[in-house]
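Remarks on the structure that follows.
Letters go in sequence order (proteins before strands), and every chain restarts at 1.
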There are 2 protein chains.
Amino acid sequence: MGDPTRTLELLWRDSLPSQAKRGPKQALTVTAVVEAAVALADAQGLDAVTMRALAGKLGIAPMALYTYVPGRAELIDVMLDTLYAGMPRRKPKGRDWRSRLEAVAHDNRALFTRHPWLADVSTTRPPLGPGQMAKYEYELQALEGVGLDDVAQDAALTFVLGFVESSARAASDQRAARLESQMDDGAWWETNAPLLARMSDPERYPIASRVGSAAGKAHGAAYDPDHAYAFGLERVLDGLAALIERPRAPRGPARRPARKRGA
Amino acid sequence: MGDPTRTLELLWRDSLPSQAKRGPKQALTVTAVVEAAVALADAQGLDAVTMRALAGKLGIAPMALYTYVPGRAELIDVMLDTLYAGMPRRKPKGRDWRSRLEAVAHDNRALFTRHPWLADVSTTRPPLGPGQMAKYEYELQALEGVGLDDVAQDAALTFVLGFVESSARAASDQRAARLESQMDDGAWWETNAPLLARMSDPERYPIASRVGSAAGKAHGAAYDPDHAYAFGLERVLDGLAALIERPRAPRGPARRPARKRGA
DNA sequence: CGCAACTACGTACGTCGTACGTAGATTGGG
DNA sequence: CCCAATCTACGTACGACGTACGTAGTTGCG
């Protein structure tokens, strides 16, 4: 990422008092630049967002971009926050925490689906912009009033979002591998099966062979992102349920004894 | 990553029948190249593993590397598989599945700690090398005999490993941000607090302000990777427990009705 | 022995982000 | 009102990077 302070000013540019400036007016706006960059990334991936390509799309010289944005890293920061700002904000407060959290997960997954290049960006610790802020506020609502203290609330949300990002990244990795090798999973397997069969005999790897081929047959591929997401989300929510719906005990150990935290 | 078939041959190079070759013998071995690359990545990060730098370290010309490895992408594939091959393989079969899985998670986390550049690599779907294979076989043992069918066994392991990678990546992102901004969390906060205070008033973002500052105070930073890992791992295991230790019911719905899989 | 195959490597190309300097437009202060 | 301060836009250029390509030299098989 880029220089944090400079990025902060950029992110909050709309809320910031814009003092009158001396020189000529800018032909474009930061927002327009960011939107063009997002469109470019959506269409051709993050690698296609080069300063030259973006400038060409906007009809300006490459170096003119630097009057809008300090550098490529900061541009990407703003792209991310812009997307966050545009996420849906429903009001599903009436239902149970589980469906609320599920909705949060789905919305985030949808964002990764719509903008696959997000998988190439560090979304865990982006600079704190207005979009991120509003997103955080909104998503925390899903966990309000379920009996978690503030620290646990934050940790739980981080946990859910981390899972969604992780599965989105796995899906993106698979997509990239498929694109690169120019063949689908079936063709890949056909090409490499002979070699693999000779290498990975079921005697050396009995469980791996059994489980691996079972999973492969079930999904029609070595890895099924949709199934991994559906499976994982259930586990994530069940895991949080064990924390939230733990039998009320004002003090003392819960059903299971407390567990030491490993290194 | 690189060309799959060529990479496979490279990965299984030790098990493959090496037919006698015509020309002069190679001065180095693929293994030596890979080990040097790992050392370089450990010391200075994955970006520092340039073909020129690696060649310099090995005392050969940059282009000579291409006689050992088809390209940089394939080199990284082999680096990853080499690390997998060297992971510890204990025999904790006696204990319960939970501590077995916990050990698997810890071992993987330790690998990310020892080699932080792994966070920059797609570890979810690497080419199937001997290291990956042995790792898969070993880690599946933790889930043998707990009553999961083969497909669920694979999904459960993927789930656990995905979590570990996700938290490792978050930790790595934070480390990178710290390095780049040249200041620790305290200094960053001091610098940017005035700006942030003006932007993010607690009236617009009440929950975020409350929870965010509580989490910040508890960890002494905006994000605590160790806590996120400890918290998350408990949830991961609890979530799997809900699947594994589900009350035996030969057929029909479990305690909760089956859930539809979202898009 | 001769030739095919292989290693090692030097040069060079096309890509990238962006530092730097400059020309021209704009506007606030005297 | 004017000019100096200040900002925009941009051209050129630098130092990375991965790696395509061609060549010289070495080895071992037939």
Side-chain angles (χ1 to χ4, degrees), chain A residues 1-3 6-7 9-10 13 16 18-33 36-37 40-41 44-79 117 120-121 176 180, chain B residues 1-3 6-7 9-10 13 16 18-33 36-37 40-41 44-79 117 120-121 176 180:
Chain A
M1 305 294 106
D3 169 46
R6 180 79 182 77
T7 307
E9 290 168 7
L10 201 62
R13 71 198 114 90
L16 235 35
S18 67
Q19 60 235 10
K21 307 220 274 176
R22 197 60 83 86
K25 267 151 199 156
Q26 302 205 209
L28 273 40
T29 64
V30 174
T31 304
V33 170
L40 199 54
Q44 300 178 235
L46 194 62
D47 286 348
V49 183
T50 69
M51 300 306 264
R52 290 172 229 259
L54 181 55
K57 193 180 153 120
L58 288 166
I60 62 176
M63 289 311 290
L65 280 176
Y66 289 87
T67 59
Y68 298 92
V69 152
R72 187 171 183 268
E74 291 85 351
L75 170 65
I76 293 174
D77 285 343
V78 184
M79 290 167 67
W117 52 273
D120 301 331
V121 178
E180 195 164 359
Chain B
M1 305 299 106
D3 170 45
R6 180 78 181 77
T7 307
E9 290 167 7
L10 201 62
R13 64 196 179 284
L16 237 33
S18 67
Q19 60 236 9
K21 306 218 275 177
R22 196 61 82 86
K25 267 149 199 156
Q26 302 203 237
L28 274 39
T29 64
V30 173
T31 304
V33 170
L40 199 54
Q44 300 177 236
L46 194 62
D47 286 348
V49 183
T50 69
M51 300 306 265
R52 290 172 229 259
L54 181 56
K57 193 181 154 117
L58 289 165
I60 62 177
M63 288 312 290
L65 280 176
Y66 289 85
T67 59
Y68 298 92
V69 153
R72 187 172 182 269
E74 291 84 352
L75 170 65
I76 293 174
D77 285 342
V78 185
M79 289 167 68
W117 52 273
D120 302 331
V121 178
E180 193 164 357

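Rounded to a whole Å, the CZ atom of B:Arg52 is 10 Å from the C1' atom of C:dA12. One atom, CG of B:Leu46, and another, C1' of D:dA16, lie 16 Å apart when rounded to the nearest Å. Protein atom OH of A:Tyr68 is 18 Å distant from nucleotide atom P of C:dG17, rounded to whole Å. When the P atom of D:dA9 is taken as reference, atom CG of A:Leu65 falls 10 Å away, rounded to whole Å. Atom CG of B:Leu54 is separated from atom C1' of D:dG18 by 13 Å (rounded to the nearest Å). The nearest whole Å value for the distance from the CE atom in A:Met51 to the C1' atom in D:dA13 is 17 Å. Per the geometry, CZ belonging to B:Arg22 stands 7 Å off P belonging to D:dG30, to the nearest Å. Summarising the geometry, the separation between NZ on A:Lys25 and P on C:dG28 is reported as 9 Å, rounded to the nearest angstrom.
When side chains are defined from C-beta on, A:Val69 does not count as touching A:Val78, because their heavy atoms never get closer than 4.5 Å. Taking 4.5 Å as the limit, every side-chain heavy atom of A:Trp117 sits out of range of all side-chain heavy atoms of A:Gln44.
For the pair A:Ala48 and A:Leu40, the tightest heavy-atom approach, listed with the atom from each and the gap, is O-CD2, 3.6 Å.
At C:dA8, one or more side-chain N or O atoms of B:Gln26 fall inside 4.0 Å of OP1 or OP2 (strictly under the cut-off).
Along DNA chain D, the nucleotide nearest to B:Gly23 and the one nearest to B:Pro70 differ in position, and the one closer to the 5' end is contacted by B:Pro70.
Among B:Val49, B:Val30, B:Leu10, B:Thr7, the single residue meeting the side chain to side chain contact (heavy atoms under 4.5 Å, CB included) criterion with B:Leu75 is B:Val49.
Among the heavy atoms of the strands, none lies under 4.0 Å from B:Val69.
For B:Met63, counting side-chain heavy atoms from C-beta on, the closest listed nucleotide (C:dA25, C:dC9, D:dT6) is C:dC9. In this structure, of D:dT19, C:dT18, D:dC10, it is C:dT18 that holds the atom nearest to the side chain of A:Tyr66. Comparing C:dT26, D:dT19, C:dA8 against the side chain of B:Ala64 picks out C:dA8 as the nearest. In this structure, of D:dT8, D:dC17, C:dG17, it is D:dC17 that holds the atom nearest to the side chain of B:Thr50.
Between B:Thr50 and B:Arg72, the side chains place no donor N or O within less than 3.5 Å of an acceptor N or O (distance only, hydrogens not considered).
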